[in-house]
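Take a look at the structure set out below.
What you see is a predicted model, and the numbers here were worked out from it, not measured in a lab.
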Amino acid sequence: HLLAVFLDPQRHRSAVTMLRVLLREIADRFQPRAYLGGCLRQIAEARCERVTVHREYYFIDVVLEITTAQDAAVIVMEN
C-alpha cells in the first residue's frame with residue numbers, strides 16, 4: 001500500500017507529479033493509437049483539480065478518483 005501513500009496528495013506533496021509519470025509510463029506501453037493509452041495520456045496532461053485515493057475499496061487494492069477541469073476518471077490498481 002506504499003503506492004497509495006505516494007499517490008495521495010494529502011499525504012505526499014509530490015503525489016500529482018508521480019501520478020502523471022505513472023500514467024504516462026502505463027500509456028506508453030500501449031500502441032500509439034490505442035484508445036486506453038490515449039485516455040491515460042489525456043488524464044496525465046490535464047490539470048488535476050482533485051485526486052482521491054482509496055485503499056482496499058470494495059476489495060480492490062488501490063482506487064484513484066481523478067477530477068480534472070474537463071472530466072473525471074477512476075483508475076483501479078490491483079496487486
Discussion item. Within the structure provided, determine whether Leu64 and Leu7 are in side-chain contact (heavy-atom separation under 4.5 Å).
Written reply: yes
Item to complete: Taking the side chain as every heavy atom from C-beta outward, state whether Val76 and Val62 have any pair of such atoms under 4.5 Å apart.
Response: no
Worksheet item: Should Val63 and Ile75 count as side-chain neighbours, where that means a heavy-atom distance under 4.5 Å?
Response: no
Worksheet item: Charged N to carboxylate O below 4.0 Å: is that the case for Glu45 and Arg20?
Response: no
Discussion item. Less than 4.5 Å apart, side chain to side chain, heavy atoms only: is that true for Met77 and Leu22?
Written reply: yes
Practice prompt. Can you measure from CG (Leu23) to CD1 (Ile66) and round to the nearest 0.5 angstrom?
Written response: 5.5 Å
Worksheet entry | Inter-residue atom distance Cys48.SG - Leu19.CG, 0.5 Å rounding | 6.0 Å
Fill in: Residue pairs involving residues 55-75 (criterion side chain to side chain donor-acceptor pair (under 3.5 Å); sequence neighbours excluded)
His1-Glu56, His54-Glu65
Worksheet, complete the sentence: For Ala27 and Gly37 the tightest heavy-atom approach is CB-O, 3.4 Å
Worksheet item: Minimum heavy-atom separation for Leu40 to Ile26, with atom names?
Response: CD1-CG2, 3.5 Å
Worksheet item: Same cluster or not: are Leu2 and Val21 linked, directly or through other Ile, Leu, Val, Met, Phe, Trp or Tyr residues, by side-chain heavy atoms under 4.5 angstrom apart?
Response: no
Practice prompt. Just grab all the side chain to side chain donor-acceptor pair (under 3.5 Å) pairs involving residues 2-14, residues at least two apart or on different chains.
Written response: none
